[in-house]
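In this text the structure is predicted, and so the values were computed from the model without any measurement. Each chain gets a letter, A, B and so on, in the order its sequence line appears, and its residues count up from 1.
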Amino acid sequence: MFTIFNQSMRRWKWQIVGWGSSLLIIAVYLMWLYKPMVEQQAQLKNLFDAYGKEMLSFFGGTVDIFSAGGYLNFAFFSYVPVAIGILALLLGSGLVVADEEKGTLDLILAHPVTRTALFWGRWLALVATLIAVLLLTWSGFAVGLSWTGLDTTVWQVLLPHISLLSILVLFGTLALFLSLLLPSRTLAASVTGALLVVSYILTSLASVNDTLEPLNTFSPLKYYQGGSAINGLEWGPLLSTLGIALFFGALAWLLFLRRDIRVSGEGNWRLPFLSRKMKASAANHANLR
Amino acid sequence: MNTSSVVLHAQGLTKSYGNVRALRGVDLEVQRGEVFGFLGPNGAGKTTTIRILLDLIRPDGGMVRVLGLDPQKDSLAVRARSGYLPGELHLEDAETVETTLKQFNALRGRKADWTYVRGLADRLDLDLKTQAKNLSKGNKQKAGVVQALMHRPELLLLDEPTSGLDPLIQQEVHKLIGEAKANGATVFFSSHVIGEVEQLADRVGIIRKGVVVEVAETQALIKRALRRARVRFGGGIQIPALEGIPGVSILSRGADSVTLQIEGEMDALIKALAKFPVIEFETERPSLEEIFLAYYER
């Protein structure tokens with residue numbers, strides 16, 4: 001498992017560097033931006049008052065954006081699950097199926113490595129990659145914190161990253177599960193991406209529209225604290241999110257254990273009903289000729 | 001370590017992909033130390049059989065033992081002692097051949113002797129520093145051969161080992177297979193290049209539509225199979241005399257000669273010909289290719 005973990009980390013090192021350094025720069029920039037924002041507090045308040053509640057709900061709602069938690073949420077943590085979520089779902093959906101579709105999994109599994117070791121070794125590498133990206137992001141905030149005057153500490157700023165990590169692990173693992181259930185990696189990533197966006201919209205709008213609250217119960221992002229986590233983590237939602245991620249991980253592992261490894265070229269098989277539809281369409285086309 | 005003489009044993013192996021029945025009851029037995037050629041055209045079930053042996057896919061029914069072990073329950077042990085070359089080899093594009101081989105070696109607990117690996121690469125004229133994305137099909141295949149052999153496995157499972165290789169390198173691969181055998185390895189390889197099977201295999205199995213229709217020693221199969229004879233008569237062709245001889249059929253006829261196909265003993269034919277003036281009588285053994293085709297024409 002350790003070898004698989006190492007090899008996966010080596011493979012994803014550029015993802016860590018690319019995503020991590022970009023987010024680090026954004027974090028530093030956002031920290032730098034805080035002071036000028038505070039200086040223009042009055043004008044900005046007028047501006048935000050002019051926006052509708054629905055609009056602001058997508059940036060953390062009508063909280064005080066000049067407080068530490070409010071600013072971090074508004075400027076970064078409110079929308080970043082969708083942005084870094086793309087990395088999580090791409091890694092998750094490709095964790096084993098990308099190699100299968102490329103035709104390289106066949107040869108890897110012909111070596112003395114169990115499917116369990118391959119699966120969990122790579123899953124741990126996925127989690128470690130997300131942690132590495134978030135640590136780089138956090139270091140950007142940590143560096144910037146010294147000149148912002150934001151009323152918080154480096155360790156408090158770490159807490160929203162932990163909440164974010166739980167959501168990213170959930171969506172990454174969901175993408176992994178779907179990749180083993182659906183016909184292709186692309187479809188699994190698309191479905192997970194759609195779920196992520198729907199969850200983001202639903203949870204954002206539910207904060208201003210109570211009628212959406214029953215539906216919001218099923219939205220993973222409801223259990224994401226965002227910037228408000230600097231005041232302390234809510235362990236219940238955090239552990240529940242990680243628990244559900246592990247549940248999907250266990251389901252995916254069982255599917256992988258029972259899976260016939262496909263060889264390259266078999267990667268893009270279609271759902272049966274689509275296949276029938278396409279056959280019918282091809283037959284019609286042939287009849288018309 | 002299991003030292004049983006039977007290295008591969010499959011009984012009643014079945015496998016379907018949806019409505020397609022890839023294997024319909026494969027029975028096989030491969031002895032320790034032999035080179036076994038698995039012949040069949042595309043889609044006959046060769047690759048499916050090999051992939052079941054390594055637990056890459058699971059059979060629907062039947063029993064399989066590799067090195068005396070159940071590949072599903074003891075997959076780790078089976079794979080640790082086997083070397084596999086897939087029919088369609090794909091490597092990580094961004095990595096060099098050397099990095100890829102080192103990664104595979106790491107999965108095997110770094111057991112390969114790197115001097116031996118470099119020696120294999122040299123013999124196959126393979127540059128280890130090339131990135132996989134820049135490799136031709138033939139060079140990828142060479143990398144596949146090296147990774148299959150580099151840990152000196154006791155069982156080699158090779159799916160079309162010389163596919164895409166030029167004739168010189170094909171000969172080198174044949175030599176490597178011969179050396180592996182000389183060192184005690186068992187080699188199970190699939191091919192549809194019949195000349196290769198004829199040259200390498202101690203025994204051959206012919207698979208047809210998911211069923212093994214023949215298993216025999218390669219030379220014995222050739223010997224006992226159909227022969228071809230060309231007869232030139234002195235006084236015109238005596239066709240009626242040749243018709244009705246058991247096991248003899250007429251393939252073609254010329255002005256004064258006839259080509260015959262003979263199955264089994266030639267005694268009846270020779271006795272029949274003895275009644276006529278025969279100027280020339282030539283027989284030839286069929287190649288394995290002709291035997292193979294005969295199975296597929298049935």
Next item on the list: Below 4.5 Å from any heavy atom of chain A, which atoms of Thr100(B) appear? Answer side chain, backbone, both or neither.
Entry: neither
Check: Mind checking which of residues 108-121 of chain A sit less than 4.5 Å from chain B, heavy atom to heavy atom?
Finding: Ile108(A), Leu109(A), Ala110(A), His111(A), Pro112(A), Val113(A), Thr114(A), Arg115(A)
Notebook entry, point to check: How about His90(B) and Asp99(A): do any of their side-chain heavy atoms sit closer than 4.5 Å?
Noted result: no
Next item on the list: Spell out the residues in residues 10-26 of chain A that have some non-hydrogen atom less than 4.5 Å away from a non-hydrogen atom of chain B, in order of number; otherwise answer 'none'.
Entry: Arg10(A), Arg11(A)
Check: Does any heavy atom of chain A fall under 4.5 Å from the side chain of Leu89(B), the backbone, both, or neither of them?
Finding: side chain
Item checked: Engaged part of Lys15(B) at the chain A interface, taking heavy atoms whose separation is under 4.5 Å -> side chain
Next item on the list: Could you tell me which of His151(B), Gln147(B), Arg79(B) has the largest number of non-hydrogen atom pairs under 4.5 Å with chain A?
Entry: Arg79(B)
Item checked: Reported CZ-to-CZ distance for the pair Arg58(B) and Arg258(A), which is rounded to 0.5 angstrom -> 8.5 Å
Check: Roughly how far apart are Ile261(A) CD1 and Leu54(B) CG, rounded to 0.5 Å?
Finding: 12.0 Å
Checklist line | Option in Ala94(B), Ala106(B), Ala77(B) with maximal non-hydrogen atom pairs under 4.5 Å from chain A | finding: Ala106(B)
Note to self: Show the nearest heavy-atom pair for residues Leu107(A) and Tyr84(B), with the distance to one decimal.
What the structure shows: CD1-O, 3.7 Å
Next item on the list: First locate atom CZ of Arg51(B), then atom CG of Asp260(A), and finally report the distance between them rounded to the nearest 0.5 Å.
Entry: 8.0 Å
Notebook entry, point to check: side-chain contact (heavy atoms from CB on, under 4.5 Å) with Leu124(B): which residues, sequence neighbours excluded?
Noted result: Lys142(B), Val145(B), Val146(B), Ile169(B), Glu172(B), Val173(B), Leu176(B)
Next item on the list: Could you tell me which portion of Gln72(B) (side chain, backbone, both or neither) has an atom closer than 4.5 angstrom to a non-hydrogen atom of chain A?
Entry: neither
Next item on the list: Would you please go through residues 2-9 of chain A and name the residues with a non-hydrogen atom below 4.5 Å from one of chain B, in numerical order?
Entry: Thr3(A), Ile4(A), Gln7(A)
Checklist line | Heavy-atom neighbours of Tyr29(A) OH exceed 12 at 6.0 Å | finding: no
